[in-house]
Each structure stands twice: as structure tokens, then as C-alpha cells.
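If you read the sequence from its start, that first residue is 1, and numbering goes on from there.
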Amino acid sequence: MGLRACVGAAGRLRPVAGFFLGGFIVLGLSRLGLSLWRRAEIGEVDGWSQVLLQGARVDIASLCLLFVPPALLLVLLPAGTLAATPVRRFLALWLAAAATLLVVLELVTPGFMQEYGLRPNRTFVEYLAYPQEVFSTLFKGRPLQSALLLAIAAATAWACWRLAWRWLASTAASSAGGLARTLLAIVVLLAGALGVRSTLGHRPMSPAMVAFSSNPTVNVLPLNSFYSLAHAMRDWLRHDESAMELYGELPRGQVVAAVRAGTGLPASAFAHDDIPTLARRPPVWRGKPRNLVIVLEESLGAQFIGSLGGRPLSPHYDRLSRQGWAFRRLYATGTRSVRGIEAVVAGFAPTPAQAVVKRSRSQQGFFTLAALLRRHGYDTTFHYGGESHFDNMRGFFLGNGFTRVIEQRDHRAPAFEGSWGVSDEDLFARADEEFRRLHAQDRPFFGFVFTSSNHDPFEFPDGRIDLYEQPRQTRNNAAKYADHALGGFFDRAMAAPYWRDTIFLVVADHDSRVFGRDLVPVDNFHIPGLILGPGIAPRQDDRLASQIDLGPTLLSLIGIGDATPMTGRDLADPAMSLPGRAIMQYDRNFAYMQGDDVVILQPGKPAGQYRHERDAKRLLPAALSPDLAREAHAQALWGSMAYDNGWYRLPPE
């Protein structure tokens with residue numbers, strides 16, 4: 001085997017080498033641009049060298065993953081096979097598609113990062129499962145950016161295809177001996193494997209390995225968006241993000257004991273061997289069971305609520321908060337609607353996996369308020385202005401206690417329809433109509449009303465509000481319209497006969513644009529919560545509370561004392577004396593807040609403790625309390641453990 005044979009074999013790698021180098025430059029320039037955008041945050045942690053050097057390492061790993069397979073084909077295939085048109089087309093398509101994918105993902109990253117503070121992850125893919133809603137949102141809310149993105153993507157794909165085809169044509173003419181090609185293939189395979197692993201250690205490189213800051217946005221800058229997305233999808237498909245694998249295991253009995261203690265209930269309340277948290281809570285309401293209406297407000301975080309220190313966009317909510325039980329320190333469990341649904345409707349604690357609304361083993365027999373109230377003869381209906389198949393809501397609800405779904409197609413001649421369905425006013429009008437009808441029939445009811453007008457691209461009817469700002473379709477204007485629609489609903493409800501027999505909850509599913517400079521941006525989990533109805537005394541509640549506390553509290557207020565597996569607390573119980581706590585899942589990070597102390601768990605890292613400075617809206621490092629860390633660890637594991645073992649259900653009737 002001579003030098004000419006080795007050179008001939010190596011010459012076949014020129015197309016891949018060209019795309020590899022081009023990809024390295026594109027990813028590096030994109031990271032530099034993102035870093036300059038977030039330069040203040042990088043400067044705070046003196047992180048420029050970490051971002052850029054570790055970024056190069058991640059880029060090499062990603063490019064090896066994408067381009068080593070075609071490199072092996074180019075080296076191993078005989079010259080005659082390589083010259084065949086179908087083979088060249090396949091290789092050109094691979095190179096062009098890989099390069100275009102890298103470019104497109106980097107182009108969409110600034111918008112995703114502006115919304116979530118992170119690079120594209122599993123949430124990105126989950127949204128793509130609903131192209132009608134997503135593309136309508138993009139082209140109505142960001143038409144110029146969307147058109148430009150499509151144009152750049154098309155131009156990139158065409159240019160890369162032409163370049164790959166031309167380079168492969170010259171490569172197909174080269175020849176090399178079989179032994180030289182085999183040896184070179186071994187070298188390429190070994191180098192590629194080392195490049196993908198990026199370490200000789202026991203575990204390959206991961207996002208946790210290159211994380212170095214308490215700022216989650218800074219921690220994702222060393223990644224590229226292909227790597228971020230590929231890693232999230234791998235974990236999702238292989239493990240579904242079990243909390244035990246991310247945060248470490250604890251003995252089952254220790255987890256159960258800690259979660260039981262966290263409910264504030266005595267040990268005697270738990271009496272079911274197969275459902276460890278099944279327990280009765282004596283209700284505070286002792287009369288005839290009342291109706292229940294839950295209004296879940298899309299993306300209406302505390303930042304939009306004037307009475308919670310936010311912008312002056314909520315005069316109707318603020319007025320109502322003086323007439324009912326208003327929670328001033330209520331926190332969402334997550335950053336997506338399905339998280340709010342599982343917390344409010346099921347009382348289920350968050351996990352790093354998909355919300356149970358979308359998971360396979362929770363589509364039937366999973367506990368929800370509707371499943372329990374249906375046993376008591378309640379009409380259980382989900383009211384939504386859009387298409388209920390989104391995020392698998394329809395399937396989850398109908399399989400777990402809801403008997404009816406009223407969605408976009410069921411609204412007769414709505415006054416306004418946008419990308420996400422009919423307006424909130426149309427939604428509330430139909431719900432009010434249903435509640436009046438059911439009350440007239442003397443049927444108890446549970447109505448779950450989920451709004452959607454306060455969602456990008458922020459479409460709502462003309463002439464309803466005095467705009468807060470220009471242009472018209474903004475987050476703040478949509479939030480103000482959502483408040484307007486909410487106020488109109490309660491004006492009608494308070495004048496309706498069903499008011500005197502019904503308990504109402506108004507709560508947000510999550511805040512919008514949840515991101516910040518902390519591992520878990522606690523202040524972006526702060527949401528409004530308000531309980532209204534007959535006998536609900538006006539009250540401003542400053543206790544720390546979580547969305548998972550709302551289910552037990554509502555059952556207590558409507559007079560249902562059946563045993564449930566919920567691990568939240570009955571905040572209506574006058575004997576409840578435990579300090580408040582909130583539970584939050586932010587991507588793969590878990591936060592447990594008690595008072596102003598916050599313990600945060602990250603994958604593969606020891607727990608860290610912080611002090612929540614509410615005025616500064618920051619988490620400051622603090623000494624770790626072993627007891628609080630153990631409690632946080634148990635709470636973080638509970639959701640995954642309960643799901644895996646089938647513990648979150650009602651016993652047979």
C-alpha cells in the first residue's frame with residue numbers, strides 16, 4: 001500500500017470535510033451572535049472562554065454525528081458504486097439536508113430563546129406536532145420573519161445541494177485500493193466516535209457536563225441547537241426523563257413518607273396499601289355539594305396583574321380579587337399549558353418527563369377532579385375555544401372523567417375566530433349558557449374552561465378594550481383583553497341562578513416568556529389565583545402555595561370528602577399549619593421553595609440552595625440545609641414514581 005493509495009482514499013473525504021468545516025463556521029458564528037446578544041449575562045459569570053471553547057467541543061461532536069456516516073460510505077464504497085447516480089443523489093441529499101437543518105435550527109433559536117430562555121428542546125418538537133396552530137401563529141404573528149426564514153432555508157438547501165453534487169462528481173472519479181479504504185474507514189470511525197463522545201471518561205459529553213453557571217440561558221450557549229434538540233429527543237425516547245435517573249434515587253419508603261408528611265395530614269389518613277397517598281380530607285363545606293367551575297387562563301402570569309405588582313392590565317381581575325379569596329404567592333408547576341392542566345385538574349406534581357396529559361399510561365384510570373365528581377353524578381365538561389386534540393387534551397379528558405368536550409367546532413356563529421380558536425368572550429358565553437341549562441335541570445356540574453386569546457399571535461376582537469400599547473397584536477394588549485372577557489363572564493355569572501350554588505377558581509396555567517438568570521426563574525412562575533362564590537369571604541392570602549394545592553382546596557369548598565391520591569394541601573383547612581411551599585419544573589431543573597428558601601436539583605449534580613430575594617427578583621446562593629434538600633429530592637421523585645407504579649388513581653367503586 002503506497003502513498004498514492006492513501007492519498008486517493010483520503011481524497012474521497014473532501015466533500016464531507018468541506019461541509020464539516022462550513023458547519024463548524026456557521027455554528028460558531030451563530031453562537032457568537034447569541035453570545036453578543038446575551039453578553040451582559042455572560043460577563044456576570046466571566047464565561048466567555050467557557051462558552052466559546054466548550055461550544056467548539058459541542059460543535060465537533062454534533063458535526064461528527066451528522067457527517068461521519070456519509071464519510072464512511074464515501075470511503076468504503078467501490079468507485080463504480082460511488083459513481084452511480086442514485087448513490088450520489090443519496091449522499092448529496094444527506095449533506096444538503098444536514099447542513100440545512102443546522103442553519104434552520106440556528107435561525108429559529110433567537111425567537112425560541114426569547115420565549116423560553118433556552119435553545120430548542122423537547123417543547124420545540126411537541127409544538128411541531130400541531131402544524132396548523134403553529135404555522136398559523138408564526139405567519140400571523142411574525143409574517144416577515146417567517147417568510148425570511150423560509151427563503152433562507154430554501155436558498156441554503158438549493159446551494160448545498162448544488163455544492164454537494166459538484167463535489168461528489170469529482171470524488172466519484174477517484175479510486176483507491178480496498179486495504180487503504182478499509183484502514184481509512186477504521187480511522188474515520190474511531191475519530192468520529194471519539195468526536196461524538198468528546199471525552200475518554202465513562203460517560204459521554206452531555207449538556208450537564210458543559211454547564212458552568214447558575215444562569216440557564218448562559219448554560220445553553222455552549223450547545224448548538226441541533227445538539228440541544230437531539231439530546232432532548234434521545235432522553236425522551238429512551239427514558240422519558242425519569243426523575244430518578246436525573247436526580248438520583250431514594251428508597252421508596254422514604255419518598256412516600258416525605259410526600260405524605262408534606263400534605264399536612266395525619267398518618268391515620270392514609271390507609272390504602274396499593275395507593276400510598278390515597279387519603280381523606282374532611283371538607284370545610286358540610287352542606288349539599290356545590291358546583292365547580294375552573295377558569296384556566298392562558299399565559300396570564302403575575303406580571304400582567306396589577307394587584308400582584310404587575311402591569312395595569314387587569315382591572316376586572318383586581319376588582320374580583322377584592323370580592324373573593326385571592327392568592328398573592330401562588331406558583332405554577334411548569335411552563336406549558338399541559339403542566340398547568342395536570343396540576344390544577346389532577347393535582348399531579350411535575351416531572352421532567354412529558355406532562356401526564358400526553359403520556360401513554362395516564363390516558364385511562366388516572367385521577368382527575370372530573371373522575372371523582374363524575375362518581376357523584378356531576379356533569380363534567382371541558383370548554384375550549386380551539387381544537388381540543390391539541391396537546392392530547394381531548395383524549396386525556398375523555399379517558400379520565402370528563403363526559404363532554406365543547407370545542408371550536410361546537411360554537412355556533414362565534415363573533416370572532418383567530419389562530420387558536422374562538423375568542424374568550426365566545427368561549428365564556430357558551431360556558432355560561434351551559435351552566436344555566438344544567439342548573440335549570442338541577443344537575444350538579446363541573447365545568448373546566450380553558451381560555452386561549454392570550455396566546456401568540458395575540459388575536460382578539462376590535463373595539464373591546466382601550467389598547468395598552470401599539471402595535472395592536474401584543475402580549476400586553478392580549479392580556480388586557482383576556483381580563484376584559486373574564487370580567488364580562490363574572491358579571492353574567494353573578495347575576496345567574498347558578499351563582500349561589502357554585503364555587504369558581506380563576507388561575508393561570510403558567511406565565512408567558514418564562515426565562516431568567518437563575519437555574520429556575522422563580523418569579524416567572526408567579527401566577528394569579530382567585531376563588532369566588534357564595535360564602536367565600538374576601539381575603540388576601542399571603543401564604544406560599546402551589547398549583548397542586550388547588551384541587552384539595554376546591555373539593556373541601558364544594559363539600560366532597562372522598563379519598564384522593566392528591567399530594568397538595570387543603571388551604572381551606574383552618575388547622576393547616578405547615579409552612580407554605582411551591583414546586584416548579586423548568587426544563588430539566590427542579591425547584592422546591594419553602595418560605596424564601598429554594599433548593600434546586602439539576603441532572604447529575606448535587607443539590608444547591610438559594611435565597612429568593614423577592615425585591616431583586618433573584619436567587620442568591622445560600623448554605624444547603626440537608627433536611628430541606630432531602631425533602632426537595634423526595635418531592636422531585638414523587639411524580640415519576642407515582643406514574644411508573646400506577647399509584648395516581650382512585651380505587652374501584
### Query
Looking at Glu434 and Arg430, does any basic side-chain N land under 4.0 Å from a carboxylate oxygen?
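Judged by the 4.0 Å cut-off on N to carboxylate O distance, Glu434 and Arg430 do form a salt bridge.
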
Tell me if a side-chain donor or acceptor on [X] pairs with a main-chain N or O of [Y] at a distance below 3.5 Å.
X	Y	answer
Asp391	Val338	no
Arg119	Phe226	no
Ser362	Arg359	yes
Trp499	Phe490	no
Asp456	Phe458	no
Gln547	Ala508	yes
Thr403	Thr380	yes
Ser228	Leu223	no
Gln540	Ser321	yes
Asn477	Arg472	yes

### Message
Checking Thr100 against Thr156 for the side chain to side chain donor-acceptor pair (under 3.5 Å) test, could you report, in this order, the C-alpha distance in whole Å, the side-chain angles of both residues, the deciding distance, and whether it holds?
### Response
CA-CA 6 Å; Thr100 304; Thr156 301; 5.8 Å; no

### Message
By the side-chain hydrogen bond (donor to acceptor under 3.5 Å, both in side chains) test, which pairs, at least two apart or in different chains, include something from residues 514-523?
### Response
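Sorted pair list: Glu44-Arg517, Asp518-Arg618, Asp523-His612.
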
For [X] versus [Y], what's the shortest heavy-atom pair and its separation?
X	Y	result
Ile527	His510	CG2-C, 4.1 Å
Glu342	Pro350	OE2-CA, 3.8 Å
Gly447	Phe435	CA-CE2, 3.9 Å
Pro120	Thr109	CD-OG1, 3.7 Å
Val405	Asp410	O-OD2, 3.4 Å
Asp509	Ala332	O-CB, 3.9 Å

Can you confirm whether the side chains of [X] and [Y] place a donor and an acceptor under 3.5 Å from each other?
X	Y	value
Arg311	Gln303	yes
Asp549	Thr553	no
Glu469	Thr474	yes
Ser337	Glu298	yes

By side-chain hydrogen bond (donor to acceptor under 3.5 Å, both in side chains) - contacts of [X] (at least two apart):
X	result
Ser62	Asn224
Glu115	Arg475
Thr381	Asp379, Arg404
Tyr384	none

### Query
Could you walk me through whether Gln473 and Glu459 pass the side chain to side chain donor-acceptor pair (under 3.5 Å) check?
CA-CA 6 Å; Gln473 286 182 233; Glu459 300 166 289; 4.9 Å; no

Could you list the donor-acceptor pairs under 3.5 angstrom formed between side-chain atoms of residues 482-489 and any protein atom two or more places apart in sequence or on another chain?
{"unit_1": "Asp483", "atom_1": "OD1", "unit_2": "Tyr317", "atom_2": "N", "d": "2.8"}
{"unit_1": "Asp483", "atom_1": "OD2", "unit_2": "His316", "atom_2": "N", "d": "2.9"}
{"unit_1": "His484", "atom_1": "NE2", "unit_2": "Glu425", "atom_2": "OE2", "d": "3.3"}

### Task
Mind running side chain to side chain donor-acceptor pair (under 3.5 Å) on Glu297 and Thr451 for me, showing each step along the way?
CA-CA 5 Å; Glu297 288 282 348; Thr451 71; 3.3 Å; yes

### Task
Test Tyr498 against Asp432 for side chain to side chain donor-acceptor pair (under 3.5 Å), laying out the working first.
CA-CA 10 Å; Tyr498 66 83; Asp432 175 70; 2.6 Å; yes

### Name of the residue among Phe446, Phe402, Phe450, Phe366 meeting ring pair (Phe, Tyr, Trp, His ring centres under 6.0 Å) with Phe397
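So, applying the ring pair (Phe, Tyr, Trp, His ring centres under 6.0 Å) to Phe397 and each of Phe446, Phe402, Phe450, Phe366, only Phe402 qualifies.
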
### Task
Just do the ring pair (Phe, Tyr, Trp, His ring centres under 6.0 Å) check on Phe460 and Phe416 with the steps written out, would you?
CA-CA 7 Å; Phe460 53 89; Phe416 180 88; 7.8 Å; no

### Message
By the definition side-chain contact (heavy atoms from CB on, under 4.5 Å), identify the one residue from Val344, Thr351, Val356 that meets it with Arg339.
### Response
Thr351

### Task
Check the pair Phe445, Thr502 against side-chain contact (heavy atoms from CB on, under 4.5 Å), reporting the backbone distance first and the verdict last.
CA-CA 9 Å; Phe445 60 84; Thr502 306; 3.9 Å; yes

